[in-house]
Protein chains: 2
Amino acid sequence: MVVCSYYLELRYNIHLWIADMELYQLRTLVTVADAGNLTHAAERLYTSQPAISAHVKALEQELNVKLFDRTPKGMRLTAHGKILIEKAHSVLNAANELRIEASMLSGELAGAVKIGLNTNAEFLQLSKLHDQLISKSPQLKIQLSEGISVELLDEIRRGSIDGSFYFGSNSLKEVESIYLTSANIVVAGASKWKDQLNTATPADLAKLPWIYPVPFCPYHDFVNTLFEDVAEKPKWTADASSESSMNVLLRSGVGIALIREDEAQPWVDEGLITLWQGQSFSLPLNFGYLKKRKQDPLIRALVQSVQESFEEA
Amino acid sequence: MVVCSYYLELRYNIHLWIADMELYQLRTLVTVADAGNLTHAAERLYTSQPAISAHVKALEQELNVKLFDRTPKGMRLTAHGKILIEKAHSVLNAANELRIEASMLSGELAGAVKIGLNTNAEFLQLSKLHDQLISKSPQLKIQLSEGISVELLDEIRRGSIDGSFYFGSNSLKEVESIYLTSANIVVAGASKWKDQLNTATPADLAKLPWIYPVPFCPYHDFVNTLFEDVAEKPKWTADASSESSMNVLLRSGVGIALIREDEAQPWVDEGLITLWQGQSFSLPLNFGYLKKRKQDPLIRALVQSVQESFEEA
DNA sequence: GCCTACTATCAGAATTCCCGATTGTTGATG
DNA sequence: CATCAACAATCGGGAATTCTGATAGTAGGC
C-alpha cells in the first residue's frame, strides 16, 4: 500500500492511497467461493485461515463491496459477490492464457505440474512417467498428490491439480480423459480362508467378514454387482480409509476384500493370501485433465508422457 | 514463493516452487514496454529503477521467456515479448472491468481519481470541482497533477491519469473531450512598453523582445498566426518552462508574451502591465478522458462534476 | 577519450505478509 | 439449558518479500 500526500495551491490537503488488487487475492476469492468457508479454502491454498480472511477483507475494502455474508456455516456470496466473481474468473482466465502462451513460446516447459495418484506408483508407471517428463522438460518440477479417484477428479475440476489417474468412470463433463489400461480386480482373503474361497458361491462369500472399500471407490460397484442376487448382504467387518490400509487388513486375515490382481499376486506366491476363482472384474484406469486446457502445452506434454509411459509398459 | 518437498514411494525427492505471477508485475511490464526504458517506467510507477528491473526479471524467469532486449538505449520488446504483452493487456483490462463493475455495484465511488491540471486552479474552478466530487462521493480521494496540455493528454492515453483539463485541440483518437469554456488570449507587456503597444502593428510587435511560450503549448499557433504575414519573425528573448514562470518574466519587463486575459486583468488594474489592442485569440478549454472508459462510473462522475462546476461559474 | 544514458546487482532497510493463539458468534446436540 | 463443534475476526510477533540507494558495467554520441 502506497500513501502519498499532495499540497497544491488549494486550501486543503489531498491524500491518496493506492492499494492495488492483486492476483493472489482473486485466487483466494474464487477459492473461498468454491470451498464455502475460509478454513477449507486455506487448506486448498496451503496457507492459514487468517491469511485468507485478510485477503477477502482487503478486497472488500478496496472494491467497496461486500462480497460475502459471514455465517456460522461459512462464507456465502452476496448478490454483488456473485457478479464480481465472474469478473474475477475472467481475470484469472486471462492470466492463465498468458501462462499458456508463454509456455508455447518458450517451447520448454517450466514451472510445476501437479499430478494426482489414485494408487501405488509402480502400477501407474510413475518412474517411467517421471523420466519421460524430465527428458522432455528438464526445468519442469513435478508435484504428486495422493487421493482416491473421485476426489482427484474434483481436484482436476477445481484446477488444484493439472491431471490425475483415476479408476472407473468419470461423471464430470469438464474433465476429458484418456484410457490407459485395465486392472483385473479379484476377491481375495488371507490363506486361512483357502478352503472356503475355493468352492464359494456369492452367497457363501456374503457370509464371510468383508473389509469395506474406501468410500466412493469404484470397488463399491463391483461389490454391488457381486451380491446383486444374494438376499443376505455381506457383513462389513472393518473400514479401510485407504487402499494400502485395506491391503494390510486383508493380509492380516481380518476379512475378505477386493484387490487388484497384480497387487495380490506376490502375496499369493508367498502363500499369504488366496484368491476366489468365481469371478473377476475389469477396472479401467484413465488419466483425466480439464477439457478446456486441452491445448495447454503443459497438459499436452503431460498427457503424451502418460500415454507413452504406458505404451512402453 | 512457496517451496515444498515431497517424498513418495519413489527413490527420488521432488521439489516444487511456485512463484505466482502478480498484477503489479504485469503493470510494470506494460509500462516498461510503453516507456521504452526502466528509468522512465519507474518514474511513472512512482518507484525505483531496481524495483522495476526485478519485476521484469522475475516475470522472465517464471514464464521462461525473454521479454526484452537490453540495449544501452533502453528495453526493446522481443518478438515473444510483443505477443505476451498483448496477453498482459487482456489481463489488466479484465482487472479494470472488475474494478468498474465493483464501482457500479457499490454506487458510491471509492479509491482515487487522478486529475490533470494545465493551468492555475482558480481558472479551472477546482474548488467547485472538489466540492462537487466530495459531496457525491465522500470516500473518493483526489489526486492532482500539473503539466502542460500535450503531456497531460498523453498521460490520459497511458492511463496514468483519469482525466485532464487541456487547452486547444486534441489529436489523440483515444481521448474523448467535453468543451468547457474559452479563454481570451491577449498580447501583453510590462508597462514600460505602453506607448509602443498602443499603436503597434504585428510587424512592430515582432521587433520587441518576446518570451518564448512553453514547448508544444497551443500559444505557439497564435504566435504563428500573428506573424504569418510579417517577414521578420520576432526575436525570442527568454524561455519560459511553465506558465507561471512566463508570467513572472512578463511582469518584470523581460519581454512581450501571450497571456490569458483573466490572468492579465488584475495586473493591468495595478498598472504593472499593458495590453495590445490589436488582436486577441480564443483558446478553448476542454476536459479529456479515455474514450473507452466513457461508461466507467468514475469517469462519468468526474466528467459530470467538471461540467457542473463550470455551469455554476 | 570522455561523457551520458541505460541496466544489473548488491546489502541493508522498510514494508508486507503470514502464522499461532485467542475471542466471539451461532447452531446443533445431549 | 448447558455443552460442544464449526466458523470468522483480530492481534502481536516473526518471517518473508520487496524496495531503496549506491555502485558497477556497457554501449553510443560528441
Side-chain angles (χ1 to χ4, degrees), chain A residues 1-5 15-63 65-78 81 85, chain B residues 1-5 15-63 65-78 81 85:
Chain A
M1 185 186 295
V2 188
V3 180
C4 318
S5 167
H15 294 273
L16 150 82
W17 61 97
I18 309 164
D20 277 314
M21 180 170 69
E22 288 298 337
L23 284 179
Y24 74 92
Q25 295 170 323
L26 298 183
R27 282 188 275 262
T28 295
L29 173 61
V30 296
T31 308
V32 171
D34 189 59
N37 69 63
L38 296 186
T39 316
H40 292 157
E43 281 170 18
R44 284 198 204 165
L45 293 167
Y46 303 105
T47 184
S48 68
Q49 177 258 323
I52 300 295
S53 179
H55 294 177
V56 175
K57 186 181 178 184
L59 260 183
E60 290 186 321
Q61 282 193 349
E62 188 187 348
L63 300 177
V65 173
K66 190 180 181 197
L67 298 168
F68 292 96
D69 283 325
R70 274 73 166 172
T71 78
K73 287 182 183 170
M75 310 279 281
R76 202 177 49 242
L77 274 175
T78 62
I85 210 154
Chain B
M1 185 186 295
V2 188
V3 179
C4 320
S5 168
H15 294 273
L16 150 82
W17 61 98
I18 309 164
D20 277 316
M21 179 170 69
E22 287 298 337
L23 284 180
Y24 73 92
Q25 295 170 324
L26 299 183
R27 281 187 276 262
T28 295
L29 172 61
V30 169
T31 308
V32 171
D34 189 60
N37 69 63
L38 298 185
T39 317
H40 293 156
E43 282 170 16
R44 284 198 204 163
L45 294 166
Y46 302 104
T47 182
S48 69
Q49 177 260 322
I52 300 295
S53 180
H55 295 176
V56 175
K57 186 180 177 182
L59 261 183
E60 290 186 322
Q61 281 193 348
E62 188 187 347
L63 300 177
V65 172
K66 190 180 181 200
L67 298 168
F68 293 95
D69 283 324
R70 274 72 167 171
T71 78
K73 286 183 183 170
M75 310 279 282
R76 202 179 46 243
L77 274 175
T78 62
I85 209 154

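Remember, it's a predicted structure, so these values are computed and weren't measured experimentally. Hydrogens, waters and symmetry mates play no part in the numbers below; they use all other heavy atoms, side chains included.
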Novice: Distance-only, no hydrogens or angles: does the A:Thr78 side chain make a donor-acceptor pair with backbone N or O of A:Leu67 under 3.5 Å?
Specialist: yes

Novice: Nucleotide by nucleotide, 5' to 3', does protein get under 4.0 Å of the base (B), only the sugar-phosphate (S), or neither (-) in nucleotides 2-12 of chain C, counting heavy atoms?
Specialist: ----SBBB---

Novice: I want to check something: taking the side chain as every heavy atom from C-beta on, are B:Thr31 and B:His40 in contact at a cut-off of under 4.5 Å?
Specialist: no

Novice: Nearest-Å distance, CZ (B:Arg76) to P (D:dA27)?
Specialist: 14 Å

Novice: Rounded to the nearest Å, what distance is computed from the CD atom of residue A:Glu22 to the P atom of nucleotide C:dC18?
Specialist: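 Those two atoms, CD and P, are 12 Å apart.
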
Novice: Look at B:Glu22 together with A:Arg27 and state whether they make a salt bridge at an N to O cut-off of under 4.0 Å.
Specialist: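 Salt bridge: yes.
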
Novice: In whole angstroms, how far is the P atom of C:dT16 from the CG atom of A:Asp20?
Specialist: 13 Å

Novice: Kindly indicate, with the supporting measurements, whether the criterion side chain to side chain contact (heavy atoms under 4.5 Å, CB included) is fulfilled by B:Leu29 and B:His55.
Specialist: CA-CA 8 Å; B:Leu29 172 61; B:His55 295 176; over 6 Å; no

Novice: Could you give the CD1-to-P distance, from A:Ile52 to D:dA6, as a whole number of Å?
Specialist: 20 Å

Novice: Can any side-chain N or O of A:Gln25 pair as donor or acceptor with the backbone N or O of A:Ala58 at less than 3.5 Å?
Specialist: no

Novice: Using modelled atom types and a 3.5 Å cut-off, is there a donor and acceptor pairing between side-chain atoms of B:Arg70 and backbone atoms of B:Phe68?
Specialist: yes

Novice: Give the rounded distance in Å between these two atoms: OH of B:Tyr46 and C1' of D:dT20.
Specialist: 19 Å

Novice: Base, sugar-phosphate, or nothing for A:Tyr24, non-hydrogen atoms under 4.0 angstrom?
Specialist: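 A:Tyr24: backbone/sugar contact only, no base atoms under 4.0 Å.
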
Novice: Quick one: bend of the helix from C:dG1-D:dC30 to C:dG30-D:dC1 from 5 pairs per end, to 10°?
Specialist: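 Here the local axes at opposite ends form an angle of 20°.
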
Novice: Could you check if a side-chain atom of A:Ile52 sits within less than 4.5 angstrom of a side-chain atom of A:Val32, using non-hydrogen atoms only?
Specialist: yes

Novice: Under 4.0 Å between a side-chain nitrogen and a carboxylate oxygen: does that hold for A:Lys57 and A:Glu62?
Specialist: no

Novice: Please determine if a side-chain N or O atom of A:His55 lies less than 4.0 Å away from the OP1 or OP2 oxygen of C:dC18.
Specialist: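 For C:dC18, OP1/OP2 do have a side-chain N/O of A:His55 under 4.0 Å.
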
